Amino acid sequence: MRLSQLFGKTQREIPAEADTISHQLMLRAGMIRQLTAGVYSYLPMALRSLRKIEDIIRDEMNKAGGQEICMPVLQPIELWEKSGRGVSFGKNLFRLFDRKERELALGPTHEEVVTDLIGRSVQSYRDLPLLLYQIQTKFRDEPRPRGGLVRVREFVMKDLYSFDTDASGLDISYQKMVTAYKNIFSRCGLPVIVIEADSGAIGGKDSNEFMAVSEMGEDEIIYCESCSKAANAEKAKSVKAKAGCSAPLPMEEVSTPGYKTIEEVCGYLKINPVNTLKAVFYMADDEFVFVSIRGDVDVNEVKLKNLLHCVDLRLATEAEVAAKGIVAGFASPIGLKGIKIVADESVASGTNFVAGGNKNDAHIKNVNYPRDFKADLIADIALAVAGDACIKCGAKLLATRGVEVGHVFKLGTFLSEKMGAYYIDANGESKPIVMGCYGIGIGRLMAATIEINHDDKGIIWPLSITPYQVYLCPLLVEDERVAEKAESLYKELKNLGMEVLYDDRNESTGVKFNDADLLGIPLRITVSPRSLEKGCIEVKWRSEKKAELFPVEEAVKKIQEMLAGN
RNA sequence: CGGGGCGUAGCGCAGUUGGCAGCGCGCAGCGUUCGGGACGCUGAGGUCGGAGGUUCAAAUCCUCUCGCCCCGACCA
């Protein structure tokens with residue numbers, strides 16, 4: 001491709017709308033254009049890379065036994081009502097009406113469609129297992145798209161669905177996908193870590209996320225260096241520091257005039273937050289919930305939501321709290337009636353806590369669970385944080401951030417039961433098909449790769465997913481020797497099957513080199529009067545500082561070798 | 001949905017007592033340059049996000065509205 005004809009110009013200045021590195025670089029490199037919030041056009045440079053990523057994914061999916069299909073984006077709303085997930089996807093589901101006023105959704109994912117498809121096609125255990133995938137556009141009306149291609153409302157995803165007769169079959173399918181995913185990210189030049197995850201609106205049991213570790217990532221990862229256990233913060237479990245464990249004493253009211261927050265009460269009573277119990281109030285699908293948790297621990301709302309099996313969970317408003325007769329700032333579950341009480345396990349982690357007095361300006365010392373109050377539910381609903389101990393090996397946990405580039409789920413049978421996808425087993429009995437689903441966001445993968453492979457000059461493409469392999473850069477194209485050599489090299493390299501971006505523009509050296517660095521093509525070939533006079537051509541890796549000179553007659557062979565060796 | 005910021009040329013921005021809409025980059029033409037974003041001359045490019053209002057006069061003041069970005073909530 002001649003750069004003079006390439007659609008998508010480079011830009012010197014950083015567009016104001018971008019403050020994520022990958023977003024800035026993609027805009028400056030002329031790869032993407034935004035149409036509206038979270039919706040982008042992909043220009044040639046981006047599309048070439050995306051296609052290569054897709055090819056790698058397709059290859060690995062096929063190797064793992066996947067069969068490619070293509071399912072509709074336009075989906076009748078009844079399908080979503082049938083699965084019940086229209087509710088859990090909520091406003092993220094794009095809805096529209098056809099001319100007959102029939103309601104449709106733009107598919108945010110394809111479990112419904114594929115389960116419907118399978119339910120109609122699969123009859124016998126002999127038809128299973130099955131791995132079906134597609135690479136297709138998804139629509140999700142995200143409340144806040146961000147970071148360029150990191151979170152968008154329209155995007156291409158590879159989604160594979162596995163169908164097995166039983167749990168052990170699912171385990172095999174799941175493992176195949178985990179292996180394939182590791183291959184994919186490794187081939188794309190993107191280091192990832194596999195972590196435990198919550199399954200969110202998808203539902204199901206086991207779930208793992210593939211995270212590209214990066215500061216700009218949206219997810220917090222809690223991990224253990226010594227045993228390498230790692231989980232999304234919304235899923236992570238941890239061992240909290242022990243609270244005091246002296247023998248239980250009788251409860252005793254203390255005056256705490258105006259001291260409401262844990263910090264204030266601790267300061268006033270000269271105690272540590274670990275020895276207090278705090279109260280947090282939620283509305284779970286319109287039910288008021290009183291959460292009791294140790295003062296030094298925060299509530300993990302994902303865990304709480306899963307525990308309560310609710311769709312919508314939010315903090316209660318002051319008015320809602322007051323309406324329940326609760327004295328905010330001095331609340332505790334002691335003696336509370338007619339309110340659902342959920343306690344975190346940490347309330348049982350010690351003795352003689354300080355809790356609210358349920359009246360103004362008073363707290364109670366020496367509160368002990370379960371002696372002094374009961375909970376309707378007690379479970380681990382604590383947010384794990386760096387510094388807690390690993391539940392597996394006891395070492396101190398660390399925190400980092402990551403971009404979720406892939407996610408795999410063991411769905412089980414809840415969807416097949418709802419959607420009516422059954423098979424007949426060897427004994428002639430009807431059973432629900434056991435499902436798994438596995439997704440990779442293609443654009444996000446590309447963005448994450450750039451996020452990790454760049455320097456202050458621009459992108460540094462991994463060879464496997466680069467839009468072009470070679471940047472052919474003649475300096476001083478008005479010099480006939482240079483122009484002739486560059487043209488002949490261009491033809492020769494192309495004929496050898498190389499993907500060449502040929503900077504045939506009559507621009508100054510600085511402009512050309514800076515664009516070469518911005519675009520990040522792995523191998524740069526410079527043809528200049530200076531090196532031609534020595535009978536040489538200069539070759540340089542984008543990732544290296546130093547260039548190499550090769551005699552003109554050997555250059556093509558050397559370039560071939562360099563590309564082949566990487 | 002809560003908080004903050006911003007909409008003026010393709011991009012980055014300036015533009016307050018309300019009085020001819022500007023600068024830099026980029027773009028087009030010509031010429032001189034050429035190993036890390038060169039220079040000169042000439043030129044094109046604007047419903048100042050939109051609607052309404054105040055005024056002799058609005059990018060500027062008022063009202064409404066739309067959009068975009070960031071933080072949070074949320075989120076496969």
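In this text, all values refer to a predicted model and were calculated from it rather than measured experimentally. Chain letters run A, B, ... following the sequence lines, proteins first, then strands; residues in each count from 1.
- Nucleic acid contact class of Asp19(A) (heavy atoms, under 4.0 Å, all strands): sugar-phosphate only.
- Here Lys485(A) pairs with nothing under the salt bridge (Lys or Arg N to Asp or Glu O under 4.0 Å) rule; sequence neighbours left out.
- Residues satisfying the salt bridge (Lys or Arg N to Asp or Glu O under 4.0 Å) criterion with Glu209(A), sequence neighbours excluded, are absent altogether.
- Remark: U63(B) base-pairs with A51(B); criterion is Watson-Crick or G-U wobble with both hydrogen-bond distances under 3.5 Å.
- Among the protein residues, Ser531(A) comes within range of the nucleic acid bases, having at least one heavy atom under 4.0 Å from a base atom.
- A salt bridge does not link Glu234(A) to Lys303(A): none of the charged nitrogens lies less than 4.0 Å from a carboxylate oxygen.
- Straight-line distance between the P atoms of C25(B) and G40(B): roughly 9 Å, to the nearest whole Å.
- For A38(B), the base has no donor-acceptor partner in the side chain of Ser508(A) [N/O atoms by modelled type, under 3.5 angstrom].
- For G10(B) and C48(B), the P atoms lie 13 Å apart once the distance is rounded to whole Å.
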Kindly give the atom pairs (protein nitrogen or oxygen, nucleotide nitrogen or oxygen) under 3.5 Å for nucleotides 26-30 of chain B.
residue, atom, partner, partner atom, Å
G26(B), OP1, Arg12(A), NH2, 3.3

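- The residue Lys305(A) sits close only to the backbone: its heavy atoms come under 4.0 Å of sugar-phosphate atoms, none of a base.
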Determine all donor-acceptor pairs shorter than 3.5 Å in which one atom belongs to a side chain in residues 510-519 of chain A; sequence neighbours excluded.
residue, atom, partner, partner atom, Å
Lys512(A), NZ, Pro474(A), O, 2.6
Lys512(A), NZ, Asp503(A), O, 3.0
Lys512(A), NZ, Arg505(A), O, 2.9
Asn514(A), OD1, Lys457(A), NZ, 3.0
Asn514(A), ND2, Gly510(A), O, 2.8
Asp515(A), OD1, Thr10(A), OG1, 2.9
Asp515(A), OD2, Thr10(A), OG1, 3.2
Asp515(A), OD2, Arg505(A), NH1, 3.1
Asp515(A), OD2, Arg505(A), NH2, 2.9

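- His110(A) meets the ring pair (Phe, Tyr, Trp, His ring centres under 6.0 Å) test with no other residue; sequence neighbours excluded.
- A distance of about 13 Å separates the P atoms of G18(B) and A58(B), rounded to the whole Å.
- Under the salt bridge (Lys or Arg N to Asp or Glu O under 4.0 Å) criterion, Glu301(A) pairs with no residue at all, not counting sequence neighbours.
- Evaluation of the side-chain hydrogen bond (donor to acceptor under 3.5 Å, both in side chains) rule for Arg2(A) yields Glu487(A) as partners, not counting sequence neighbours.
- The base-pairing partner of A38(B), taking Watson-Crick or G-U wobble contacts with both distances under 3.5 Å, is U32(B).
- Annotation: G72(B) and A14(B) have their P atoms spaced 26 Å apart (nearest Å).
- Ion pair Glu112(A)/Lys82(A) not flagged as a salt bridge, since none of the NZ, NE, NH1 or NH2 atoms sits closer than 4.0 Å to an Asp/Glu carboxylate oxygen.
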Just the atom pairs and distances: protein N or O near nucleotides 1-12 of chain B's N or O, under 3.5 Å.
residue, atom, partner, partner atom, Å
C11(B), O2', Gln11(A), NE2, 3.4
G12(B), OP1, Ala16(A), N, 2.7
G12(B), O2', Glu13(A), OE1, 3.4

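- One can place CD1 of Ile21(A) at 14 Å from P of C70(B), the figure rounded to the nearest angstrom.
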Validation: residues 215-222 of chain A side-chain donor-acceptor distances under 3.5 Å, sequence neighbours left out:
residue, atom, partner, partner atom, Å
Glu218(A), OE1, Arg151(A), NE, 3.2
Glu218(A), OE1, Arg151(A), NH2, 3.4
Glu218(A), OE2, Arg146(A), NE, 2.9
Glu218(A), OE2, Arg151(A), NE, 3.1
Asp219(A), OD1, Asn232(A), ND2, 3.2

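- Donor-acceptor pairing under 3.5 Å, judged by distance alone, is absent between the side chain of Arg146(A) and the base of C70(B).
- Side-chain rings of Tyr438(A) and Phe409(A) stay apart, their centers remaining 6.0 Å or farther from each other.
- Within the nucleic acid shown, Arg524(A) comes within 4.0 Å of at least one base atom, counting heavy atoms only.
- G5(B) and C61(B) are spaced 16 Å apart, taking the P atom of each and rounding to whole Å.
- Taking the P atom of each, C11(B) and G26(B) are spaced 15 Å apart, rounded to whole Å.
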